[in-house]
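Since the structure comes first, as structure tokens, the remarks are kept for the end.
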Amino acid sequence: MARIEFATVAMMEQTAQAASPDALFQLGMVYASGRDVDVDLITAHKWFNLAALRGNEAARNYRTEIAAEMSKADIAKAQRMAREFLSKRPN
């Protein structure tokens, strides 16, 4: 069962470029809560940041909440990851 769930998360990440703000928010929730993956606040922040950029208000709130638990270096890494993701967007 865990393999199937992990595969679902991997598929969500692969299709994230075309994903809605709500789908990006859900990826953030997966990593923030450790649902089907290890808890990873850096990756969660990345997905919340991307969802917030696309207008998801809840993502803004969660991003702020988990940032309070992260170091400045971790936040910078998450922001860098989000920028890299955006730079790979097809034109």
Side-chain angles (χ1 to χ4, degrees):
M1 182 87 156
R3 285 188 197 163
I4 293 170
E5 292 167 349
F6 180 75
T8 302
V9 172
M11 288 187 318
M12 288 172 63
E13 288 183 6
Q14 289 174 357
T15 60
Q17 285 290 1
S20 70
D22 292 341
L24 297 172
F25 173 76
Q26 287 304 317
L27 274 169
M29 290 300 293
V30 165
Y31 283 98
S33 67
R35 188 177 55 212
D36 303 330
V37 297
D38 291 334
V39 171
D40 183 344
L41 295 183
I42 295 170
T43 302
H45 189 285
K46 167 193 157 181
W47 292 120
F48 287 144
N49 196 26
L50 292 165
L53 285 171
R54 293 187 184 176
N56 186 298
E57 190 63 36
R60 292 180 216 274
N61 297 332
Y62 277 92
R63 179 184 60 193
T64 300
E65 187 175 318
I66 66 170
E69 300 177 34
M70 299 168 65
S71 69
K72 288 181 181 182
D74 287 345
I75 294 169
K77 182 176 181 180
Q79 291 171 335
R80 190 171 43 256
M81 290 169 58
R83 283 191 304 273
E84 289 170 1
F85 177 85
L86 290 172
S87 73
K88 294 178 184 175
R89 285 179 74 169
N91 294 329

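Small disclaimer: the values here were computed from a predicted structure and weren't measured.
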Same cluster for Met70 and Phe85 if Ile/Leu/Val/Met/Phe/Trp/Tyr side chains link at under 4.5 Å?
no
Which atom names give the shortest non-hydrogen contact between His45 and Ala78, and what distance separates them?
ND1-CB, 3.5 Å
Can you measure from CD (Gln79) to NZ (Lys72) and round to the nearest 0.5 angstrom?
12.0 Å
I need the minimum non-hydrogen distance between Ala44 and Ala32, along with the two atoms involved.
CB-N, 3.6 Å
Should Leu50 and Leu27 be counted in the same cluster of Ile, Leu, Val, Met, Phe, Trp and Tyr side chains packed under 4.5 Å apart?
yes
Looking only at non-hydrogen atoms, find the nearest pair between Gly55 and Arg60 and report the distance.
CA-NH2, 3.9 Å
For residues Trp47 and Tyr62, establish whether the separation of their ring centroids is below 6.0 Å.
no
Heavy-atom nearest pair, Ala52 first then Ala59, reads N-CB, 3.7 Å
Grab the two heavy atoms, one from Ala82 and one from Asn49, that are nearest each other, plus how far apart they are.
CB-ND2, 3.8 Å
Of the non-hydrogen atoms in Asn56 and Ala58, which two are nearest, and what is the gap between them?
OD1-N, 3.1 Å
Cluster link Leu53 to Leu24, ILVMFWY, side chain under 4.5 Å:
yes
Would you give the length of the straight line joining atom OH of Tyr31 to atom CD of Gln26, rounded to the nearest 0.5 angstrom?
13.5 Å
Hydrophobic clusters here meaning ILVMFWY residues chained together by side-chain heavy-atom distances under 4.5 Å, can you tell me if Met29 and Ile42 are in one?
yes
Can you tell me how far the NZ atom of Lys77 sits from the CG atom of Leu41, to the nearest 0.5 Å?
12.0 Å
Joint hydrophobic cluster, Leu86 plus Met81, side-chain heavy atoms closer than 4.5 Å
no
